[in-house]
Protein chains: 2
Amino acid sequence: MEQLRETLKGHHLRTTTCREDVLLTFMNKKNALSHGDLEGALGENYDRVTIYRTLKTFLEKGIIHKVLDDEGLRYALCSHQCSEEKHQHDHIHFKCNACGKTNCLENLHIPHVTLPSGYQPESFNLLIQGKCPECLGNN
Amino acid sequence: MEQLRETLKGHHLRTTTCREDVLLTFMNKKNALSHGDLEGALGENYDRVTIYRTLKTFLEKGIIHKVLDDEGLRYALCSHQCSEEKHQHDHIHFKCNACGKTNCLENLHIPHVTLPSGYQPESFNLLIQGKCPECLGNN
DNA sequence: AAAACACTGCAACATCGTTGCAAGTGTTAC
DNA sequence: GTAACACTTGCAACGATGTTGCAGTGTTTT
């Protein structure tokens with residue numbers, strides 16, 4: 001709980017109950033969350049718009065990042081310390097086609113890809129879809 | 001023009017002017033297109049809903065596939081012959097942050113990634129963002 | 001304590017995508 | 001060619017998603 005406040009303070013944000021709750025939700029559920037997920041979890045306490053704005057603020061400050069799969073947009077906590085100035089997001093995300101959850105695979109990096117000449121890459125994002133260990137275990 | 005009809009026939013679809021026009025638009029513009037792009041190009045001739053349904057049908061039949069970047073959902077022609085039964089889409093997409101266009105890089109494949117044990121991958125999707133040759137040339 | 005600033009909720013709006021239904025069109029069989 | 005059928009389209013309505021302006025409230029700073 002103190003840690004939450006540290007995180008917010010560290011990114012120059014005021015600690016409000018909404019921000020604490022959103023951050024807490026991200027830390028409890030470990031997978032990526034959509035606005036709808038958060039609204040489902042916290043919607044009785046906070047306005048839809050406030051949740052949108054909280055996500056936008058967290059994005060700008062580098063607390064969370066976007067995660068994309070074929071179903072749409074979600075968000076997940078940044079693992080390495082990102083800030084407003086610098087984001088480091090050459091992520092691998094894994095989406096399970098059985099349970100539908102999407103996670104960051106933290107400790108992998110994306111192998112080098114040789115692009116055709118003339119292309120100047122700036123960021124990489126790999127989405128792998130398949131079955132996650134938990135779903136395979138339940139067969 | 002005949003080729004269009006062949007493509008539609010080959011996927012067991014009736015040839016209608018809307019489907020021909022949508023297909024033609026994909027073949028002329030080479031980058032990935034959103035529903036909005038198509039509505040802008042063809043909206044005076046066809047209803048919004050019809051375009052949505054055409055995209056949905058093309059997706060199901062394997063004529064186009066989804067392309068995701070940080071801005072949302074687009075569609076692009078399938079290069080290899082996909083069908084209703086089988087899609088092969090381990091794609092690399094390049095999105096230019098200057099002009100905003102997203103393209104498939106056809107001739108590259110995604111290098112092998114070793115996943116933690118327990119994960120069973122089924123498909124791979126790599127999005128690279130940066131600057132495209134055309135935009136770099138204009139500096 | 002007052003002024004400046006940031007956050008929230010509400011209302012309204014814009015965009016995006018879906019569904020049901022009636023009318024129209026392409027395809028097949030004769 | 002024509003009739004019957006199934007598929008496709010346009011319209012209207014709806015739901016979901018995301019944004020903006022503004023007034024009220026709470027925080028910081030001095």
Nearest-nucleotide comparison on DNA chain D, the residue closer to the 5′ end among B:N45 and B:R48: B:N45

Find the distance between NZ (B:K29) and CG (B:L38) and round it off to the nearest 0.5 Å. 9.5 Å

CG of A:N28: more than 12 outside heavy atoms within 6.0 angstrom? yes

So, B:H109 versus B:H91, ring centres under 6.0 angstrom or not? no

The first and last nucleotides of DNA chain D lying within contact of chain A, meaning any atom under 4.0 Å from one of its heavy atoms, run from D:dT17 to D:dT28

Interatomic spacing from OG1 in B:T7 to NZ in B:K61 - rounded to 0.5 Å: 14.5 Å

Distance, rounded to the nearest Å, where B:E39 contributes CD and C:dA14 contributes C1': 13 Å

Each nucleotide of nucleotides 23-30 of chain C classed B (base within 4.0 Å of a protein heavy atom), S (only sugar-phosphate) or -, in 5' to 3' order, makes ---BS---

Can you tell me how far the CG atom of A:L23 sits from the CZ atom of A:R5, to the nearest 0.5 Å? 12.0 Å

To the nearest angstrom, how far is A:R53 atom CZ from C:dG9 atom P? 9 Å

Assuming nearest nucleotide by heavy-atom distance, tell me which of A:T57 and A:V49 is located more 5' along DNA chain C. A:T57

Measure the distance from NE2 on A:H12 to P on C:dC5 and round it to the nearest whole Å. 18 Å

Please report the distance, rounded to the nearest Å, between CG in B:D47 and C1' in C:dT19. 13 Å

So NZ of A:K9 and CZ of A:R14: to nearest 0.5 Å the spacing works out to 9.5 Å

Starting at atom OH of A:Y52, determine the distance to atom C1' of C:dC13, rounded to an integer number of angstrom. 14 Å

For B:H35 together with B:Y52, are the ring centres under 6.0 Å from each other? yes

Testing B:T102, B:D70, B:N103 one by one against B:K95 for a side chain to side chain donor-acceptor pair (under 3.5 Å), which residue passes? B:D70

So A:Y119 and B:F94, would you call those rings parallel, tilted or perpendicular, with 30° and 60° as cut-offs? perpendicular

Rounding to an integer number of Å, can you tell me how far A:R19 CZ sits from C:dT8 C1'? 10 Å

